[in-house]
Amino acid sequence: MPVRDTPWSAGTPCWVDCQVDDPAKASEFYSTLFGWQIQGGEAEAGGYLMASKDGKSVAGIGPKPQPGMPSVWTTYFATDDTDSLAARVTAAGGQVLVPPFDVMDAGRMAVVADTTGGIFGIWQARAHQGAGVYNEHGSYCWNELHTRQLDAAKQFYADVFDYTYTDVGDGANMRYVMFTPPGGTEGVGGMNDDTLMPGEPVPAHWLTWFQFDGVDTAVERVAELGGTLLMPTADSPFGRMAVVAAPQGETFGLIDTSVRAG
C-alpha cells in the first residue's frame, strides 16, 4: 500500500477534498463507495470531515464556503510557503480567491484560480501533511486540469511552480501534457486540451481521479447510490476509466490502472 508520512514535495498534488451542501450525506456516499472511515465535523473545524483508509488520511469532505456555489472536488498543491506562492499566482496573472490563512495547527492554505479559470488550493503542511495513502483502491491517483486554453495554462503553471512538461497524445485527436516539478523525474499530474473533447464546452476545472479495482462495479455502485455516469466506461493505455458525478453534483474520475489497452 503506497503510504506517505512526510510532507509532499513542492508542486505536487498533495490533498483533495470536496465541498458540498450536506457533508454528512456525502460521507455516506463515499464511505459506501470507497470503504472510507470518516470522522470529524466538529464546529471548531468548520464541520470538516476527514476520510481515512487503514488509519491513513485519504481525503476531506466539507461544507461549501458560500451558498449557491457548485459542489466540487478541489486539488491542493504542496508548497513550502503559501504566502509567497500566492504572490506568484498574482504575478502570473491568476487570482487569489481565498487569501492565505492558518487552518488551526494543521497547515496554512489559500485557494486560487489560474488564468484559464481553473481553481485549486495551496497547502503548506504542518500537523497535516496531506494524503497519507494514494495510488491504491479508494484513494486518489491522478489530478488533471481540463481547459480550453492549454498553452496559457502551461505558461501560468510554469511561472508559478516551475513545471516542465512532457507531451502525450498525437496532438490531433488528443493534446495532453504531464507536468513535473523541479528536481522531479516523472509527471505528477496532467493538463488536457478540452477543445478536442466531444460535447458541450465546460469551464476549466481540476479533475480528481480515484483508483478503483473494478471500474464497472464502481459505476454500478455509483448509480445505486444516486450518482450519475458522465463519461461511459472505456479502456485506455492508462487504465479502464469512467467519469461520474456524486448525488450532490461533484464530478470525479474512476480508473483501474491494472486494466490497460493500446
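Quick caveat, the model's predicted, so the values are computed rather than measured. Note that these values count all heavy atoms, side chains included, but never hydrogens, waters or copies made by symmetry.
The ring of F212 has its center no closer than 6.0 angstrom to the ring center of F252. A centroid separation of less than 6.0 Å is found between the aromatic rings of F120 and Y157.
A search for ring pair (Phe, Tyr, Trp, His ring centres under 6.0 Å) contacts involving F156 returns nothing, not counting sequence neighbours. Partners of F161 by ring pair (Phe, Tyr, Trp, His ring centres under 6.0 Å), not counting sequence neighbours, listed by chain and number: F77, Y163. Remark: Y140 pairs with no residue by the ring pair (Phe, Tyr, Trp, His ring centres under 6.0 Å) rule, at least two apart or across chains.
In this structure, Q95 places its CD atom where only 12 or fewer heavy-atom neighbours from other residues, nucleotides or ligands lie under 6.0 Å away. Surrounding NZ of K25 are at most 12 heavy atoms belonging to other residues, nucleotides or ligands under 6.0 Å away.
Atoms CG and OG1, from N192 and T147 in turn, are 9.5 Å apart once rounded to the nearest 0.5 Å. Atom CH2 of W142 sits about 12.0 Å away from atom OG1 of T75, to the nearest 0.5 Å. Here CE of M109 is found 11.0 Å from CG of D102. Values are rounded to the nearest 0.5 Å. Rounded to the nearest 0.5 angstrom, T217 OG1 and L254 CG are separated by 11.0 Å. Taking OG of S27 as the reference point, atom CE of M50 lies at 14.0 Å (rounded to 0.5 Å). One finds the SG atom of C141 at 11.0 Å from the CD atom of E136 (value rounded to the nearest 0.5 Å).
Hydrophobic clustering (side-chain heavy atoms under 4.5 Å, transitive across Ile, Leu, Val, Met, Phe, Trp, Tyr) keeps L85 apart from W8. One hydrophobic cluster holds both V188 and Y165 under the rule that ILVMFWY side chains link at heavy-atom gaps under 4.5 Å. Cluster annotation: V244 and V58 are assigned to the same hydrophobic cluster (Ile/Leu/Val/Met/Phe/Trp/Tyr, side-chain heavy-atom contacts under 4.5 Å, transitive). Residues L225 and I38 share a single hydrophobic cluster, defined by chaining ILVMFWY side chains whose heavy atoms lie under 4.5 Å apart. Connection of F101 to V112 is not established within any shared hydrophobic cluster, with ILVMFWY side chains joined at heavy-atom distances below 4.5 Å, either directly or through further cluster members.
Identified under the side chain to side chain donor-acceptor pair (under 3.5 Å) test for residues 179-188, with sequence neighbours left out: none. Identified under the salt bridge (charged side-chain N to carboxylate O under 4.0 Å, His left out) test for residues 63-86, with sequence neighbours left out: D21-K64, D83-R108.
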| task | Using the side chain to side chain contact (heavy atoms under 4.5 Å, CB included) rule, take T233 and R240 through it: C-alpha gap first, then chi angles, then the decisive distance, then the call. | result | CA-CA 7 Å; T233 309; R240 186 159 175 78; 3.3 Å; yes
| query | Should Y48 and V103 be marked as a side chain to side chain contact (heavy atoms under 4.5 Å, CB included) after you check the CA-CA gap, both sets of side-chain angles, and the distance that decides it? | reply | CA-CA 11 Å; Y48 195 84; V103 184; over 6 Å; no
| query | Going through the distances and angles, do W73 and L207 end up as a side chain to side chain contact (heavy atoms under 4.5 Å, CB included)? | reply | CA-CA 7 Å; W73 275 98; L207 179 67; over 6 Å; no
| query | Are R88 and D159 close enough, and set up right, to give a side chain to side chain contact (heavy atoms under 4.5 Å, CB included), and what steps lead you there? | reply | CA-CA 8 Å; R88 292 188 73 169; D159 290 343; 5.8 Å; no
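Taking the six-membered ring where the residue is Trp, F34 and F210 present tilted rings, their angle falling between 30° and 60°. Ring geometry, W123 versus Y76: the interplanar angle exceeds 60°, so the pair is classed perpendicular (tilted spans 30 to 60°).
Taking the side chain as every heavy atom from C-beta outward, T74 and I119 never approach each other to under 4.5 Å. Proximity of D54 to V133: side-chain heavy atoms (C-beta onward) are nowhere separated by under 4.5 Å. Between V72 and H205 the shortest side-chain heavy-atom distance does not fall below 4.5 Å. A 4.5 Å side-chain heavy-atom check between D105 and R126 finds every atom pair outside the cut-off. Taking the side chain as every heavy atom from C-beta outward, L150 and Y176 never approach each other to under 4.5 Å. Contact annotation: the side chain of T208 never approaches that of E250 to less than 4.5 Å [non-hydrogen atoms, C-beta and beyond]. The shortest side-chain heavy-atom distance between V222 and L229 does not fall under the 4.5 Å cut-off. You'll find the side chain of T195 stays beyond 4.5 Å of the side chain of R175, heavy atoms only.
Q155 and D151 share no donor-acceptor pair across their side chains, judged by distance under 3.5 Å alone. A donor-acceptor pair shorter than 3.5 Å cannot be found between the side chains of Q39 and S52.
Looking at every heavy atom in both residues, T115 comes nearest to A152 through OG1-O, 3.9 Å. Shown here for G118 and L145, the closest heavy-atom pair between the two residues is CA-CD1, 4.2 Å. Closest approach of M241 and I255 over heavy atoms only: CE-CD1, 3.7 Å. Here the closest non-hydrogen pair linking P63 and P23 is N-CG, 3.6 Å. Shortest non-hydrogen contact noted between Y30 and C18 is CE1-SG, 4.2 Å. Nearest heavy-atom pair, T32 versus E28, reported as atom, atom and distance to 0.1 Å: OG1-O, 2.8 Å.
As a member of the Ile/Leu/Val/Met/Phe/Trp/Tyr network built from side-chain separations under 4.5 Å, M104 groups with nothing else and remains a singleton.
A donor-acceptor contact shorter than 3.5 Å is absent between the side chain of H146 and the backbone of D194. The closest donor-acceptor contact from the side chain of Q37 to the backbone of G35 lies under 3.5 Å. A donor-acceptor pair under 3.5 Å is formed between the side chain of Q211 and the backbone N or O of T257. In this structure, the side chain of W206 does not engage the main chain of G121 through any donor-acceptor pair within 3.5 Å. Counting only distance, with no hydrogens or angles, the side chain of Q248 and the backbone of D22 share a donor-acceptor pair below 3.5 Å.
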